[in-house]
Amino acid sequence: MFDLTGRRVLVTGGSKGIGHGIAAAFAEAGASVAIAARDTSALQDAVGRLDALGPGRVTAHVADITSREDTHRMVAEAVAALDGLDVLCANAGIFPERSLIEMVEEDLDGVLAVNVAGTIWAVQAAIPALTASGRGRVILTSSITGPTTGYPGWSHYGATKAAQLGFMRSAALELAPRRITVNAVLPGNILTEGLRDMGEEYLATMSRTIPLGELGTPADIGAAAAFLATDEARYITGQPIVVDGGQTLPESPEAVLPVTP
Ligand code: NAP
């Protein structure tokens, strides 16, 4: 699809779901890919799958991105393993459901720690290597939930995904002199292990709200992320790109037409 041969890429949360789709898109495009997450066995399984996709190297790094220290160690390990870094995909995130009325400190702290602090620590740690690259790219995985839409039970999550865009804009300005671009992909409902846990009824309801008639795939998000890493995308920075099958377009349910079989 894209030729990213020789590019060195780190994907946080690359062991599953959207992050795995992003890592796969880069591996297929010829890049060397480091993936990071907490669960060692899921990382090892993912390395096995990614290794078969392209000529680049694939390495795995265990880390909890809620810790600044652990995140900096993980990025240093990935940079050493790949001999540099051209692209950081700050993708790892969690989306626990909790109503506003029931929310306690642990709920809010947990989602802020992974989705906001974890994103910021990963980008901070990658700055020296991305600067040395000369064509550094940061690609955040935000969401339509928060920046564009809302959903009962995800007010804290939506706040973190909107916060990522606030971070993106100032980071894009700070890093522009280093020739590093900072952009975000905003997925709609993407069929991942995490989303499958929401249950069949949720998935069926969501599909009916999507003008293109189906949930997206991790590969759809991987394609957008890989595009943002190409030389052709070098002049795009500080921008959100929505990849949602048109889910955020309809004014009312009647605006979603039946999909032709
Ligand atoms: P997922 O299948 O649950 O995968 C999440 C990934 O993040 C896993 O690799 C997980 O590995 C890692 N992770 C979670 N907490 C971590 C931590 N503290 N430190 C390091 N790694 C951690 O979720 P997903 O659906 O692919 O979501 C990925 C991103 O896309 C998130 O930022 C989410 O907000 C966003 N998103 C998803 C959807 C969707 O429809 N699925 C829609 C919009 C946006 P470990 O658990 O082993 O650490």
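Numbering of residues begins at 1 and proceeds along the displayed sequence.
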From [X] atom [atom1] to [Y] atom [atom2], the distance as rounded to the nearest 0.5 Å:
X	Y	atom1	atom2	value
Leu249	Glu251	CG	CD	10.0 Å
Thr131	Arg179	OG1	CZ	11.5 Å
Phe227	Ile139	CZ	CD1	10.0 Å

Could you tell me whether Arg49 atom CZ has more than 12 heavy atoms of other residues or ligands within 6.0 Å of it?
yes

So for atom CD, which belongs to Glu69, do other residues, nucleotides or ligands contribute more than 12 heavy atoms lying within a distance under 6.0 Å?
no

State, to 0.1 Å, how close [X] and [Y] come at their nearest heavy-atom pair, and which atoms those are.
X	Y	answer
Arg8	Gly84	NH1-CA, 3.4 Å
Ala223	Ala25	N-CB, 4.2 Å
Pro250	Gly246	CD-O, 3.4 Å
Cys89	Phe26	SG-CE1, 3.7 Å
Val185	Ala225	CG2-N, 4.3 Å
Ala92	Asn115	O-OD1, 4.5 Å

Do [X] and [Y] belong to the same hydrophobic cluster, where Ile, Leu, Val, Met, Phe, Trp and Tyr are linked whenever their side-chain heavy atoms lie under 4.5 Å apart, directly or via other members?
X	Y	result
Leu88	Ile65	yes
Ile221	Val9	yes
Val11	Ile120	no
Ile180	Leu82	yes
Leu85	Val33	no

Sub-4.5 Å side-chain heavy-atom contact between [X] and [Y]:
X	Y	answer
His20	Pro218	no
Ile127	Glu174	no
Ser41	Asp39	yes
Leu43	His61	no
Phe167	Val116	no
Ile94	Val111	yes
Gln124	His72	yes
Ile22	Thr141	yes

Between Asn183 and Ile241, is the side chain to side chain contact (heavy atoms under 4.5 Å, CB included) condition met? List the steps.
CA-CA 8 Å; Asn183 294 291; Ile241 297 184; 5.9 Å; no

Quick one: does any side-chain atom of [X] pair with a main-chain N or O of [Y] as donor and acceptor, under 3.5 Å?
X	Y	value
Ser142	Lys161	yes
Thr192	Ile18	no
Ser143	Leu186	no
Gln239	Thr237	yes
Arg137	Ala229	yes
Asp107	Val104	yes
Thr149	Ile144	yes
Asp220	Thr217	yes
Asp244	Pro187	no
Arg7	Asp86	no

Using the rule side chain to side chain contact (heavy atoms under 4.5 Å, CB included), only one of Glu102, Met103, Arg98 pairs with Leu100; which is it?
Met103

For Met74, which of Val62, Val79, Thr12 qualifies under side chain to side chain contact (heavy atoms under 4.5 Å, CB included)?
Thr12

What residues form a salt bridge (Lys or Arg N to Asp or Glu O under 4.0 Å) with Asp197, not counting sequence neighbours?
none

Using the test salt bridge (Lys or Arg N to Asp or Glu O under 4.0 Å), find all partners of Asp70 that sit at least two apart in sequence or belong to another chain.
Arg73

Ring centroid separation Tyr202 to Tyr151 under 6.0 Å:
yes

Please evaluate residues Val123 and Leu140 with respect to the criterion side chain to side chain contact (heavy atoms under 4.5 Å, CB included), reporting the C-alpha separation (whole Å), side-chain torsions for both, the decisive distance (0.1 Å), and the verdict.
CA-CA 9 Å; Val123 175; Leu140 312 178; 4.2 Å; yes

Given the rule in the side chain to side chain contact (heavy atoms under 4.5 Å, CB included) test, do Thr160 and Leu112 qualify, once you have shown the distances and angles that lead to the verdict?
CA-CA 6 Å; Thr160 67; Leu112 285 169; 3.9 Å; yes

Counting only pairs under 3.5 Å, give me each side-chain donor-acceptor contact of residues 203-215, with atom names and distances, residues two or more places apart or in other chains.
{"residue": "Thr205", "atom": "OG1", "partner": "Glu201", "partner atom": "O", "Å": "2.7"}
{"residue": "Ser207", "atom": "OG", "partner": "Leu203", "partner atom": "O", "Å": "2.8"}
{"residue": "Thr209", "atom": "OG1", "partner": "Met206", "partner atom": "O", "Å": "2.7"}

